[in-house]
Amino acid sequence: MNTPIYDFLKSYNSSGDLRLHMPGHKGKDQIPLSFGLDITEIHGADSLFDADGIIRESEKNAAALFGSKATLYSAGGSTLCIQTMLSIAKRDGREVIALRSVHRSFIAACVLLGIEPVWSYPRYCAGILSGTVDMEDLEKKLKASHRPCVYITSPDYLGKMADIKTIAQLTHKYSGILIVDNAHGAHFAGTDQHPIKQGADMCCDSAHKMLPCLTGGAYLHIGNEQFIPGAKHEMSLFASTSPSYLIMMSLDLCNDYIHNKLPYDRERLIPLLSELRKKISTGYKVYEGDPFHLTLLCNGLWLAQQLRQRGIECEYADRFCIVLLLSPLNDFGDIERLENALLRDITLPSHSDMADELILREAERVMTLRDAALSPYEMIPVEKSSGRICAGVDVPCPPAVPIAVCGEKINSHMIKIFQRYGILTVNVVK
Ligand SMILES: Cc1ncc(COP(=O)(O)O)c(C=O)c1O
């Protein structure tokens, strides 16, 4: 039998390509991996959802590092943490007010839980993928809600950071709770920039995206003690009953990395990255945000191709931007290689014309999110979808920010955005 996955992985691993994409370990071995380390809940190995032994001890180490009241391990990425946090919020009788530039994992969790979020539309800065919180709108929605839960993504896919501290203060002023999707921000561990230190009640960090952790490893941090009892139970509703010990071990080792190496790696790399930004901003439009998310506003598809020909693989590209995702595991040589490619080898790409129309406007909801997502559906060409009800949780473009959310009526403005992102088909309710 052929082994197409293994063959691809072996070939990519031996290619020597510079990985400017997830996972954060960048292909650099942390320890030798072996099947011998892959076990399940045998005697002495503890049990993730009923932890009182080695897993509990390791989770406590993580909580101490991040300054949380409790930290839970997830072997199902931030996706599982988002399901858990929203389930806790729902059980607490909260109304979820979410910044619209959410990842699809949020939408899927809402479908599973029957949550109908109130949207706050951001002030968009780079197409639909990134924007800043409209604080006036957020306050209006907080005032109108009886028992609010604010849900913010920061850093977003392009690296834009929200002012979590101010948002937390505002949310708490209206007796709300704040959940932060910090999937892209695990590298803020131990700094004041981490959402838990900024006042979030709960947040998730995909350790695997930004730190040396196997794919699927994430932390769910709880900053508000009231949500600790029952949190494991909530997570077990959605998770596999066989969480991977390799992933949990990887989170355990990640704690050691955070404690012993991360501060030095950050100190070493951040000045280099800021120097790189300065140099390349002579020719490229560089998007402001987290230093490890190097986002350039240009024809990303063209630039990704140029970089690929030079052995550099990006995280994401579309017609308007490219995301080159670094992590504290990158070294001086990696940055030099990228700088040489961008400034010496490649002719400068044309700037993107991020048109005003690439902004999501308030949509008309005609069905609940859950009902639409669970209805019979059909896939139709985008240009024929005007007036139909969106049924798809899956968003064709990789950053997975929904242009239309299930239950919303598709309009001509949305169709324009689908087309600008090169999306040709859409799932609609039959
Ligand atoms: C903003 C954001 N949130 C959540 C997720 C889901 O994280 P995970 O892949 O760890 O499940 C992603 C994945 O890319 C993401 O980009």
Side-chain angles (χ1 to χ4, degrees), residues 8-9 11-28 124-130 155-161 184 187 209-210 265-266 268-355 358 396-401 419-423:
F8 178 85
L9 294 178
S11 150
Y12 186 57
N13 196 28
S14 58
S15 68
D17 278 6
L18 175 56
R19 302 177 181 205
L20 298 185
H21 56 75
M22 300 160 190
H25 55 63
K26 305 296 169 193
K28 298 174 188 186
Y124 291 100
C125 316
I128 63 161
L129 304 182
S130 187
D156 65 25
Y157 203 84
L158 304 195
K160 165 97 42 215
M161 310 269 296
H184 287 248
H187 55 300
K209 293 190 196 302
M210 301 304 293
D265 281 350
R266 247 194 331 242
R268 179 177 55 81
L269 269 168
I270 290 176
L272 291 175
L273 288 171
S274 122
E275 190 59 24
L276 174 70
R277 269 175 193 258
K278 220 185 282 163
K279 282 187 193 159
I280 62 176
S281 61
T282 51
Y284 294 83
K285 250 193 198 167
V286 187
Y287 194 55
E288 274 305 308
D290 166 49
F292 292 94
H293 287 71
L294 186 61
T295 299
L296 309 178
L297 304 180
C298 60
N299 183 343
L301 295 176
W302 178 85
L303 186 55
Q305 185 59 25
Q306 294 294 313
L307 288 168
R308 191 165 298 126
Q309 284 164 7
R310 290 158 179 85
I312 299 175
E313 194 59 42
C314 73
E315 165 65 24
Y316 170 73
D318 63 30
R319 288 167 54 195
F320 314 106
C321 73
I322 183 166
V323 181
L324 304 163
L325 190 65
L326 292 109
S327 92
L329 275 284
N330 284 111
D331 56 28
F332 176 75
D334 296 339
I335 293 175
E336 195 177 42
R337 189 167 160 192
L338 176 62
E339 181 184 320
N340 284 340
L342 288 174
L343 289 180
R344 294 204 197 137
D345 301 350
I346 299 173
T347 27
L348 291 179
S350 53
H351 287 320
S352 65
D353 56 335
M354 193 63 79
L358 280 180
C397 56
V401 171
Q419 289 169 335
R420 291 295 299 273
Y421 278 98
I423 297 167

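Computed from a predicted model, the values in this text were never measured in an experiment.
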**Q** Which atoms form the tightest heavy-atom contact between Ala317 and Leu301, and what is the distance?
**A**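 Shortest heavy-atom separation between Ala317 and Leu301 comes out as O-CD2, 3.5 Å.
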**Q** Taking only residues two or more places apart in sequence, or in another chain, which ones meet Ser327 in a side chain to side chain contact (heavy atoms under 4.5 Å, CB included)?
**A**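 Residues passing side chain to side chain contact (heavy atoms under 4.5 Å, CB included) with Ser327: Lys26, Leu329, Asn330.
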**Q** To the nearest 0.5 Å, how far apart are CD1 in Ile346 and CH2 in Trp302?
**A**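 It comes to 6.0 Å.
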**Q** Go through the structure and list residues passing ring-ring contact (aromatic ring centres under 6.0 Å, His included) with His21, not counting sequence neighbours.
**A**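 For His21 the ring-ring contact (aromatic ring centres under 6.0 Å, His included) partners, ignoring immediate neighbours, are Tyr12.
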**Q** Nearest 0.5 Å, please: how far is CG in Leu158 from CG in Asp290?
**A**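 So the gap between those two atoms works out to 11.5 Å.
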**Q** Is the side chain of Thr295 donor-acceptor paired with the backbone N or O of Tyr287 at a distance under 3.5 Å, no angle test?
**A**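 Not confirmed, Thr295 side chain does not pair with Tyr287 backbone.
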**Q** What is the minimum heavy-atom distance between Gly27 and His25, and which atoms define it?
**A**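 Nearest heavy atoms, Gly27 then His25: N-ND1, 2.8 Å.
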**Q** Taking only residues two or more places apart in sequence, or in another chain, which ones meet His293 in a ring-ring contact (aromatic ring centres under 6.0 Å, His included)?
**A**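 Applying ring-ring contact (aromatic ring centres under 6.0 Å, His included) to His293 gives His184.
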**Q** Is a side-chain donor or acceptor of Asn340 paired with a backbone partner of Arg344 at a separation under 3.5 angstrom?
**A**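 A pair under 3.5 Å: no.
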**Q** Ile280: which residues meet the side chain to side chain contact (heavy atoms under 4.5 Å, CB included) condition with it, sequence neighbours left out?
**A**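 If we apply the side chain to side chain contact (heavy atoms under 4.5 Å, CB included) test to Ile280, skipping adjacent residues, the hits are Leu276, Tyr284, Val286, Leu294, Leu296, Leu342, Leu343.
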**Q** Could Asp334 and Arg337 be called an ion pair, given the rule that one side-chain N must be under 4.0 Å from one carboxylate O?
**A**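 Between Arg337 and Asp334 there is no salt bridge, as every charged N stays at least 4.0 Å from the carboxylate O atoms.
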**Q** Check side-chain hydrogen bond (donor to acceptor under 3.5 Å, both in side chains) between Gln306 and all other residues, then give those that pass, not counting sequence neighbours.
**A**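 Here the qualifying residues are Arg310.
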**Q** When rounded to the nearest 0.5 angstrom, what is the spacing between SG in Cys314 and CG in Leu307?
**A**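 Reported value, rounded in 0.5 Å steps: 7.0 Å.
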**Q** What residues form a side chain to side chain contact (heavy atoms under 4.5 Å, CB included) with Gln419, not counting sequence neighbours?
**A**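 Per chain and number, Gln419 pairs via side chain to side chain contact (heavy atoms under 4.5 Å, CB included) with Val382, Glu383, Ile415.
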**Q** What's the separation between atom CG in Leu303 and atom OG1 in Thr347, rounded to the nearest 0.5 Å?
**A**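 Here the rounded value is 9.5 Å.
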**Q** Could you walk me through whether Phe292 and Arg266 pass the side-chain contact (heavy atoms from CB on, under 4.5 Å) test, one step at a time?
**A** CA-CA 10 Å; Phe292 292 94; Arg266 247 194 331 242; 4.3 Å; yes
**Q** Does the Tyr157 side chain pair with the main chain of Tyr316, one donor and one acceptor, at a distance under 3.5 Å?
**A**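 No, the answer is negative, given that no donor and acceptor are paired below the 3.5 Å cut-off.
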**Q** Of the non-hydrogen atoms in Ile322 and Cys298, which two are nearest, and what is the gap between them?
**A**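 Shortest heavy-atom separation between Ile322 and Cys298 comes out as CG2-SG, 4.3 Å.
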**Q** Are Phe320 and Ile128 packed together at the side-chain level, in the sense that at least one heavy-atom pair is separated by less than 4.5 angstrom?
**A**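 A side-chain contact under 4.5 Å is absent here.
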**Q** For residues Leu272 and Glu275, determine if any side-chain heavy atom of one lies less than 4.5 Å from a side-chain heavy atom of the other.
**A**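 They are not in contact (no side-chain heavy atoms under 4.5 Å apart), so the answer is no.
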**Q** Please examine the side chains of Leu325 and Met210, heavy atoms only from C-beta on, and report whether any two atoms are closer than 4.5 Å.
**A**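 Side chain of Met210 against side chain of Leu325, heavy atoms only: contact under 4.5 Å found.
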**Q** Quick one: NZ on Lys160 to CG on Leu129, what's the gap to the nearest 0.5 Å?
**A**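 Rounded to the nearest 0.5 Å, the NZ-CG separation comes to 13.0 Å.
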**Q** Looking at every non-hydrogen atom in both residues, tell me the closest pair between Pro291 and Leu273 and how far apart they are.
**A**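 Smallest interatomic distance, heavy atoms only, reads O-CD1, 3.6 Å.
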**Q** Please enumerate all residues that pass side-chain hydrogen bond (donor to acceptor under 3.5 Å, both in side chains) together with Asp345, with sequence neighbours excluded.
**A**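 With neighbours one apart ignored, the set is empty.
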**Q** Work out which heavy atom in Cys321 is nearest to a heavy atom in Leu297; give both atom names and the distance.
**A**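 For Cys321 and Leu297, the tightest heavy-atom pair comes out as CB-CD2, 3.9 Å.
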**Q** Tell me whether Glu288 at atom CD has more than 12 heavy atoms from other residues, nucleotides or ligands lying less than 6.0 Å away.
**A**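 Atom CD in Glu288 is not packed in, count stays at 12 or less.
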**Q** Scan residues 11-23 for pairs that pass salt bridge (Lys or Arg N to Asp or Glu O under 4.0 Å), counting only residues two or more places apart or in two chains.
**A**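 Qualifying pairs: none.
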**Q** For Asp331, what residues pass the side-chain hydrogen bond (donor to acceptor under 3.5 Å, both in side chains) criterion, not counting sequence neighbours?
**A**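 Counting only residues at least two positions away or on another chain, Asp331 forms no side-chain hydrogen bond (donor to acceptor under 3.5 Å, both in side chains).
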**Q** Say you draw a straight line from CD1 of Ile335 to CG of Leu20; how long is it, rounded to the nearest 0.5 Å?
**A**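 The CD1 atom of Ile335 sits 9.5 Å away from the CG atom of Leu20.
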**Q** Taking side-chain hydrogen bond (donor to acceptor under 3.5 Å, both in side chains) as the test, write out the residues that go with Gln305, two or more places apart.
**A**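 Only Arg308 meet the side-chain hydrogen bond (donor to acceptor under 3.5 Å, both in side chains) criterion with Gln305.
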**Q** Salt bridge (Lys or Arg N to Asp or Glu O under 4.0 Å) with Glu339: which residues, sequence neighbours excluded?
**A**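 Partners of Glu339 by the salt bridge (Lys or Arg N to Asp or Glu O under 4.0 Å) criterion, ordered by chain and then number, come out as Lys279.
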